[in-house]
Amino acid sequence: MQTPHKHTTTGAEAGTVTTTGTEAGSATTTGTEAEATTASEAGAGVRGEAGAPLAAAGASATFAELARQVKAEGLLELRPAYYLGRLTLNTTLLAAGLTAFFLIGDSWWQIPVALWMGLCGAQSSFLWHDAGHKAMFRGKRASAAVGYLHANLVNGVSYGWWLHHHNRHHSHPNHLQLDPDIGRRTAIFDLSQYPARHGTQRLIVRYQSVLFFVLLVLESAKMQRTAVKAIAGGLTRRPALESTLILTRLALYLGAVFTVLSPVLAVVFVVVQQATLGVYFGLLFAPNHKGMRIRGGTLESLDWLERQVLTSRNIRPGPLTDFLYGGLNYQIEHHLFPAMPRKNLSRARRLTRAYCAQRGVPYHEVSLWSSYSEIATYLHKVSAPIRHSHRTGTPLPDQ
């Protein structure tokens with residue numbers, strides 16, 4: 001397993017805050033009823049479709065203390081007016097794109113429209129994401145309605161599959177055996193994953209620091225293919241609803257594109273829109289955990305505070321960054337408090353940074369460009385023994 005890195009964060013609002021410490025942090029796991037209740041409240045948004053809490057177990061004493069501070073400031077309370085505004089804005093963006101599409105007609109000026117619609121699709125993903133975490137509504141029906149509409153109908157992604165997959169990720173981020181996100185990609189994040197790669201996958205792994213980003217153009221298509229496989233394989237609870245929404249989207253999308261545009265332009269439009277959506281998806285998700293601490297084994301070795309803070313990376317916030325990343329740039333706070341409305345993450349960040357500094361828990365936050373540089377550097381380092389083995393014919397080191 002790769003040796004984890006230590007990180008230093010500077011530049012807190014009230015001055016310069018440097019957080020360092022051992023990777024184990026200072027939190028200790030306890031099992032009191034009060035702490036379990038606090039963790040359950042903070043992680044109320046991490047639920048399966050049946051609504052069963054998944055992330056309450058393993059609350060630490062230090063997390064419970066932080067959670068009390070957050071709750072005391074009302075940061076876990078819903079922000080209905082804010083989300084009404086977000087839903088309205090997203091609908092307006094989509095409507096503007098559709099209007100432009102029909103007004104422009106069969107013209108190569110549709111390429112900017114395809115780019116726009118790709119960006120709109122990713123913006124829609126923030127809404128199904130927040131709905132799935134119960135950060136938008138606490139009620140199951142309203143959350144599901146937003147989720148199925150924006151995942152299945154707008155993007156052709158299975159909301160039911162995503163919800164189950166994402167909940168498992170939140171419970172054990174960057175765990176080689178327990179986090180499905182770290183295992184489903186071609187790229188490897190630990191040398192122990194390499195034996196499971198075959199053929200072309202091994203070529204990709206050798207040069208993954210570059211090809212990881214290049215292949216993001218396929219990310220949307222991969223998620224749509226996964227949706228079909230999940231529904232066909234009986235892995236979703238509402239296969240009829242999900243299938244109907246995805247097929248409706250496909251009929252409306254392809255019907256409009258091939259009716260309004262010439263065949264060649266229609267194909268180009270679809271490719272550009274899907275590639276834009278895939279790259280946006282990938283650039284949104286990549287900075288969150290890749291290159292941060294990983295671990296393996298059949299059991300979880302970190303308590304709740306540690307497993308969320310040590311495995312997550314924040315991107316330094318700002319109005320444009322917050323909009324483009326939909327709050328996912330506050331990844332540490334989102335993982336600690338998944339049911340927290342997006343609007344409240346900024347204030348939670350200030351509390352969490354100060355708390356981690358006091359407790360000696362590493363808190364990692366970097367600029368947008370630095371985040372991608374760290375990812376590329378990490379992927380290059382992990383695959384270095386593979387390139388050396390391929391070049392020299394020597395066996396890989398023991399894994």
Side-chain angles (χ1 to χ4, degrees), residues 45-47 75 78-97 115-138 142-163 165-167 169-170 173 181 216 219-220 223-224 227 245 249 273-274 276-289 312-346 348-349 368 371:
V46 184
R47 297 173 179 270
L75 300 182
L78 295 178
R79 301 290 295 267
Y82 170 78
Y83 277 112
L84 177 61
R86 300 306 305 182
L87 288 165
T88 302
L89 175 61
N90 197 70
T91 301
T92 302
L93 294 176
L94 285 168
L115 291 167
W116 176 268
M117 295 304 288
L119 297 176
C120 288
Q123 285 287 320
S124 293
S125 72
F126 300 141
L127 298 177
W128 96 57
H129 173 269
D130 289 6
H133 280 296
K134 304 299 192 296
M136 189 179 296
F137 310 104
R138 296 290 187 244
S143 298
V146 172
Y148 286 117
L149 176 65
H150 289 86
N152 294 66
L153 188 60
V154 174
N155 283 298
V157 175
S158 168
Y159 178 66
W161 167 83
W162 172 85
L163 197 62
H165 178 95
H166 195 62
N167 286 341
H169 158 70
H170 261 266
D181 257 3
L216 291 180
E219 186 66 22
S220 175
M223 293 182 71
Q224 292 165 1
L245 291 173
R249 169 192 174 275
Q273 190 268 334
Q274 288 294 297
T276 302
L277 180 57
V279 170
Y280 197 171
F281 273 155
L283 293 181
L284 288 173
F285 303 145
N288 299 341
H289 306 282
S312 301
R313 174 194 291 107
N314 274 18
I315 296 177
R316 195 165 297 126
L320 181 60
T321 302
D322 289 0
F323 174 77
L324 291 176
Y325 285 81
L328 295 180
N329 51 307
Y330 300 96
Q331 190 67 197
I332 294 172
E333 290 70 32
H334 169 58
H335 259 256
L336 285 170
F337 307 100
M340 181 179 291
R342 192 190 318 172
K343 182 71 172 176
N344 297 341
L345 291 171
S346 177
R349 167 182 172 266
L368 187 154
S371 71

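Index from 1, following the sequence. Note that the structure is a prediction, hence the values are computed from the model and not measured.
Contacts of Q224 classified as side chain to side chain donor-acceptor pair (under 3.5 Å), with partners at least two apart in sequence or in another chain: S220, Q274. Residues passing the side chain to side chain donor-acceptor pair (under 3.5 Å) test with N344 are R79, sequence neighbours excluded. H150 meets the ring pair (Phe, Tyr, Trp, His ring centres under 6.0 Å) test with no other residue; sequence neighbours excluded. The side-chain contact (heavy atoms from CB on, under 4.5 Å) test applied to A348 returns L75, E333, M340, not counting sequence neighbours. Shown here are the side chain to side chain donor-acceptor pair (under 3.5 Å) partners of D130, two or more places apart in sequence or in another chain: Y83, R342. L115 meets the side-chain contact (heavy atoms from CB on, under 4.5 Å) test with V272, T276; sequence neighbours excluded. For D181, the salt bridge (charged side-chain N to carboxylate O under 4.0 Å, His left out) partners at least two apart in sequence or on another chain are R184. Looking at residues two or more places apart in sequence or on another chain, you find a side chain to side chain donor-acceptor pair (under 3.5 Å) between D322 and N329, Y330. Partners of H169 by ring pair (Phe, Tyr, Trp, His ring centres under 6.0 Å), not counting sequence neighbours, listed by chain and number: H166, H289, H335. The side-chain contact (heavy atoms from CB on, under 4.5 Å) check on L84 picks up T88, with sequence neighbours excluded.
Inspection of the H170 and H334 side chains reveals an N or O donor paired with an N or O acceptor under 3.5 Å.
Applying the salt bridge (Lys or Arg N to Asp or Glu O under 4.0 Å) test to residues at least two apart or on different chains, none of the pairs has a partner in residues 82-91.
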